[in-house]
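Everything on this sheet refers to the single structure shown next.
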Amino acid sequence: MAISLLSFPISSAEIRLPISFIPETLVPTNLKQVDSNRVAALITESLFKVRDKFQLSPIIASSYTWENNQKTINLKIRKSRFSDGSYVTSKQIIHSLKNCIKYAKKSARLNILNILGYKQFINTGKNLKGLREAGTNTIQIELVKKGPLLLDDLSHTGCAIIKPSINGSWDLLKGAIGTGPYMLKSVSNSDIVLKLNPFHEASEIPQNVRFINSQKANKAKEKMDLIFDLRGNENPGPEYISYNISLPMYWQMSLNNEKNIFKNRLVRKAVTLGLNFKKIRKFFNWEESRMQSGLFPFGMRGFKSRKLNSGLNDLNKSKKLLKKAGYTKKNPLTLRLLLSRRGGKLENTQIWSDAFNNPYIKINPILLSHKEVIKEKKKGNYDLIFHGKSPGSIEPHMLLASYLRDSIFNTSRVRDGKCDHYITNAISEFNLKKRWQAYEQAQDCILNGFYVIPLATLNSGKVYINNKWELPGRNPYFLNPYRIYDWRKKRK
């Protein structure tokens, strides 16, 4: 399909991009990490795509119309081809969407749950009444109630249009294919190489994309063409152009709320109050104006930005709460904190050991590779995790839905029925003003439960691009899904 891409020099046959680890599988409905999403986003396309500044635009869909009081949507499908040359049919799109729908609840795409016949389809596997062909190159989706963010949910890679392998696998590393500008060429422990999809109409883009395992790469020999520098540690050389970037992302510390120690809300509160925010801010050189007490990065619409108030760090209150819970200096609350190897100051375990200035709290920081952290998260083998979160949506709803009980992105393992209720209401509200009010109500529930510790919005950094890949603006493929919505070129 025709997509307007930025012009690249044809002579530069391969672009080399960093990746934290080589994924063992690449199933679009189960992409839990950004790096996996970056690879899948080059191989696949969805009906819609979130563009710069979180604008939503049709991709495999060419247009859409709402009817029946916004409970029915008709999607016109443009002429597209899979990487094996076969044309995308309405039946294949429905097949892909059914596979997406099976995992919609766990992946927090709640508006999809409004499709007519969803429960029966999930429980029995029988035909999904609300998803059908409606004429030539037209698909109709009927909802039992309004789904204000349905198109946003359909834009995610989990709802990409896929042609399964001959054996029925949806894994892009095991024969499944998509309609994106690239297709799989090879995969090894050190890299994943993609080659051009000859049936995609994008022009003047690199012939190959090589994702190199940054954990094993020799930086001197394996020089990347694109380098993300979120902490100001990089100096790649004069052959690189430096861009300022702004990321809709923020740092937080998640508590594992399935642990018995955190069943007590007052203990969770004590941990939050015991964190020395000023010390953390000074060490990482975070601007005071970017410290926050909300769940969303500054700049996202639909909620009020919350600056961090000075009273959030209250050592005396933290001590009293832990003393009441039975902890002492000799018998402190001992917590295992997972840290991912990110380079620079973020690998300093000492700062995290000293970050809680409550003598009744003892932190044991564990520094692991990104892949190891994922495994530990899956096992629930942690008390705390320091990590970043990104909305990945035109509105905060996907990030908010990541706190739902059944979401695979629920790192905090929140199990609160009241919060689930508020979150569901927020995501299901069609009136914008009421939806934003509902966002606030859901956010308050999570924050008042002390399930997570918000830290700071990451609003600045740089990306270095090799001169041969000079871009006059953001490229929708190679930076996806970092959602860089505002970057300004700055030559050294």
Side-chain angles (χ1 to χ4, degrees), residues 1-3 28-29 44-51 54-80 87-105 107-122 126-162 178-179 301-302 391-398 400-401 424-436 438:
M1 58 164 294
I3 297 289
T29 53
T44 66
E45 292 170 323
S46 301
L47 293 170
F48 300 88
K49 189 177 185 70
V50 178
R51 294 289 192 186
F54 295 96
Q55 295 173 339
L56 200 65
S57 60
I59 299 295
I60 291 180
S62 60
S63 62
Y64 63 93
T65 55
W66 285 99
E67 58 184 45
N68 186 26
N69 193 26
Q70 294 181 311
K71 290 182 182 178
T72 303
I73 187 170
N74 296 299
L75 303 169
K76 285 289 184 183
I77 306 302
R78 71 172 83 239
K79 198 173 182 180
S80 305
Y87 284 96
V88 176
T89 65
S90 296
K91 287 183 179 179
Q92 287 170 321
I93 291 177
I94 289 175
H95 188 42
S96 284
L97 292 183
K98 283 183 177 179
N99 187 55
C100 164
I101 289 165
K102 289 178 183 177
Y103 298 92
K105 190 174 183 180
S107 55
R109 287 183 281 274
L110 296 191
N111 283 255
I112 290 175
L113 275 58
N114 294 330
I115 295 177
L116 180 67
Y118 166 80
K119 288 184 178 179
Q120 184 182 20
F121 171 68
I122 294 298
K126 293 184 178 179
N127 188 40
L128 187 62
K129 293 181 180 179
L131 178 63
R132 54 185 172 267
E133 294 182 73
T136 305
N137 297 323
T138 302
I139 289 175
Q140 188 176 80
I141 299 177
E142 186 178 353
L143 307 174
V144 293
K145 61 180 180 179
K146 293 179 180 180
L149 296 165
L150 175 66
L151 300 188
D152 186 70
D153 285 350
L154 292 176
S155 73
H156 286 270
T157 311
C159 286
I161 306 307
I162 303 292
T179 64
R301 68 174 184 170
S393 168
I394 59 173
E395 292 204 27
H397 89 279
M398 279 296 291
L400 185 65
T424 303
N425 285 350
I427 293 169
S428 304
E429 178 56 60
F430 221 99
N431 180 282
L432 280 178
K433 186 176 181 180
K434 290 182 179 179
R435 188 192 307 161
W436 296 347

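Heavy atoms only: backbone and side chains are in, while hydrogens, waters and symmetry mates are out.
For the atom pair CG (Leu113) and CD1 (Ile427), the distance works out to 10.0 Å, reported to the nearest 0.5 Å. From Ile139, atom CD1 reaches atom CD1 of Ile77 across 4.5 Å, with rounding to the nearest 0.5 Å. With values rounded to the nearest 0.5 angstrom, Gln120 atom CD is found 8.5 Å from Asn127 atom CG. Taking CH2 of Trp66 as the reference point, atom CD1 of Ile141 lies at 8.0 Å (rounded to 0.5 Å). Atom OG1 in Thr179 sits 7.5 Å away from atom CD1 in Ile161 (nearest 0.5 Å). A distance of 9.0 Å separates CD1 of Ile93 from CD of Glu133, quoted to the nearest 0.5 Å.
Contact of the Lys102 side chain with the Phe121 side chain is registered, since non-hydrogen atoms from C-beta on lie closer than 4.5 Å. In this structure the side chain of Leu47 reaches within 4.5 angstrom of the side chain of Leu97, judged on heavy atoms.
Ser46 places a side-chain N or O within 3.5 Å of a backbone atom of His156 that can act as its donor or acceptor partner. At least one donor-acceptor pair under 3.5 Å links the side chain of Gln92 to the backbone N or O of Thr89.
Phe48 approaches Pro58 most closely through the heavy-atom pair CD2-CA, 3.6 Å. For the pair Thr29 and Cys100, the tightest heavy-atom approach, listed with the atom from each and the gap, is CG2-CA, 4.0 Å. Taking all atoms of both residues into account, the shortest heavy-atom contact from Ser62 to Arg78 is CA-NH2, 3.7 Å. The two residues Ser96 and Ala160 come nearest to each other via the heavy atoms CB-O, 3.8 Å.
Of the candidates Ile112, Asn111, Ile60, Ile73, Ile112 is the only one forming a side-chain contact (heavy atoms from CB on, under 4.5 Å) with Leu154.
Considering only residues two or more places apart in sequence or on other chains, Asn431 meets the side chain to side chain donor-acceptor pair (under 3.5 Å) condition with none of them.
The side chain to side chain donor-acceptor pair (under 3.5 Å) contacts involving residues 139-149 comprise Asn74-Gln140, Arg132-Gln140, Arg132-Glu142, where partners must be two or more places apart or lie in separate chains.
Between the side chains of Thr138 and Lys76, at least one donor N or O sits under 3.5 Å from an acceptor N or O.
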